[in-house]
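Bear in mind the structure is a predicted one, so any value in this text is a computation, not a measurement. Chain identifiers are assigned alphabetically (A, B, ...) following the order of the sequence lines, protein sequences preceding nucleic acid strands; residue numbering begins at 1 within each chain.
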There are 2 protein chains.
Amino acid sequence: MELPIKDTPSLALIQRGYGGAVDVEAISDCMQLLRLAKVLLGFFYARFAEHDISPGKYSVLMELLAQEEDESLSPSILAERIGVTRPTITGLIDGLVRQGFVLRRNLEQDRRGVAISLSDAGREFMRSFLPGQFDAMAGVVSALSAGQRQALRDALTTLEGSLR
Amino acid sequence: MELPIKDTPSLALIQRGYGGAVDVEAISDCMQLLRLAKVLLGFFYARFAEHDISPGKYSVLMELLAQEEDESLSPSILAERIGVTRPTITGLIDGLVRQGFVLRRNLEQDRRGVAISLSDAGREFMRSFLPGQFDAMAGVVSALSAGQRQALRDALTTLEGSLR
DNA sequence: CCCTAATAGTTAGGGCGCTAACTATAGCGA
DNA sequence: TCGCTATAGTTAGCGCCCTAACTATTAGGG
């Protein structure tokens, strides 16, 4: 999964009269946010691709790993926790089963459902993948000073509130 | 196009020993950035979907609108400017032609190529769509103070530099 | 002039997201 | 006990991203 990250020529079009009177500086700030959003997601998507997983598969593996070892989750619960639809979760599980990372078992007490759990191979994959992933996550903000990080937290909290 | 925006249980897994010794606060900061990235992109993707376009189609329309009215662009140039591959641009143009927003003409001087330009309907669509789009973009940062915006600019510049 | 390499764009197929519709099963009320 | 509603998961098809491979055309060198 890749995200096109180039800027659109918004500022040039504003200068040519599209959009009426707008706060050009605010638009610039928004473009910088959008660009950072795409770069950041792209950075992690590229890491996932190197390990032959996708963002969706990563989320499934994380949710399953967070369970106790002998527990499973249903596709419906997984879909809800990850924020995708049930057809999508079926496809992600299909792929993870093919990769050998996940087991799909029929439920005895309710033949409509299936139980999804991590396989040993899946658990092992996550055990080896996660240290580098968490290092990469920690590394994202490591170039910022402590003051910048606090300022970023405050700003992002406000932004999230107004975008929801 | 939608992005699953739920958090993964990274902090819970770190507490259970996956990932070794990591800076938990840095990971939290990164998760907040990732969440904001998905919320922000999702916000604009939802706006595009309301107008029956996709992020990729929007980028195509923007690049074509930025041309002089009697100029066209080739699919290769469009793909390069937007940051997608040529098969992808073919599909986006197909869709925009179907929607009547774009014209695809054969080149007389080089029969390998085609010339892509905005149709009158496409120009009209953008003329009506862009004011709201620029307002929405300006609105994203409107809840921040001037100091917060400057701090955000500084932090995002540093982050972009370290992620590239 | 011919042949090879390069270019432009498309097609095929896959993965991942969706909606709509389907099949199979469970639950509940009359 | 039966019929209807609800639930679980899957399938079909579409759009958008990709890679690989293809067709058609152009350019250039021998």
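Set against D/dT26, C/dG9, C/dC18, the side chain of B/D110 has D/dT26 as its closest nucleotide. Here the nucleotide nearest the side chain of B/K57, chosen from D/dC16, D/dG9, D/dC18, is D/dC16. Which of D/dT11, C/dG17, D/dT26 sits closest to the side chain of A/P87 comes down to D/dT11.
Under the salt bridge (charged side-chain N to carboxylate O under 4.0 Å, His left out) criterion, the residue pairs touching residues 71-93 of chain A are A/E63-A/R81, with sequence neighbours excluded. Residue pairs meeting the ring pair (Phe, Tyr, Trp, His ring centres under 6.0 Å) criterion with at least one partner in residues 96-119 of chain A, sequence neighbours excluded, are A/F101-A/F125.
The phosphate of C/dC16 (OP1 or OP2) has no side-chain N or O of A/T88 nearer than 4.0 angstrom. Between B/T85 and the phosphate of D/dC18, there is a side-chain N or O to OP1/OP2 separation shorter than 4.0 Å. Applying the 4.0 Å criterion to OP1 and OP2 of D/dC16, one finds that B/S54 has a side-chain N or O inside that range. Considering only side-chain N and O atoms, A/R111 lies under 4.0 angstrom from the phosphate OP1 or OP2 of C/dT25. At the phosphate of D/dA6, neither OP1 nor OP2 sits under 4.0 Å from any side-chain N or O atom of A/R112. The phosphate of D/dG9 has neither OP1 nor OP2 within less than 4.0 Å of any side-chain N or O from A/T90. Using a 4.0 Å cut-off, some side-chain N or O of B/R104 falls inside it from OP1 or OP2 of C/dT10. The shortest distance between the side-chain N/O atoms of A/R105 and the OP1/OP2 oxygens of D/dG9 is not below 4.0 Å.
Interatomic distance, CZ of B/F129 versus CZ of B/F48, reported as 5.5 Å (0.5 Å rounding).
Protein atom CZ of A/R86 is 12 Å distant from nucleotide atom C1' of C/dA21, rounded to whole Å.
As judged by a 4.0 angstrom heavy-atom cut-off over every strand, B/G113 is placed among residues touching the sugar-phosphate backbone only. In this structure, A/L92 reaches the sugar-phosphate backbone alone: every heavy-atom distance under 4.0 Å involves primed, P, OP1 or OP2 atoms, never a base. Among the protein residues, A/P55 comes within range of no part of the nucleic acid, since none of its heavy atoms lies under 4.0 Å from any strand. Looking at heavy-atom distances under 4.0 Å, A/I89 makes no contact with the nucleic acid at all. Heavy atoms of B/G56 sit under 4.0 angstrom from primed sugar atoms or phosphate atoms, though from no base atom.
Under the 3.5 Å distance criterion, with hydrogens and angles disregarded, no donor-acceptor pair is assigned to the side chains of B/S76 and B/S74. With no hydrogens or angles considered, no side-chain donor-acceptor pair links A/Q32 and A/R35 at under 3.5 Å.
Axis angle across the helix from C/dC1-D/dG30 to C/dA30-D/dT1, with five pairs used at each end and values rounded to 10°: 20°.
Across B/V140 and A/S162, no two heavy atoms sit closer than the pair O-OG, 4.0 Å.
Residues A/L3 and A/D94 both approach DNA chain D. Their nearest nucleotides, taken by heavy-atom distance, put A/D94 toward the 5′ side.
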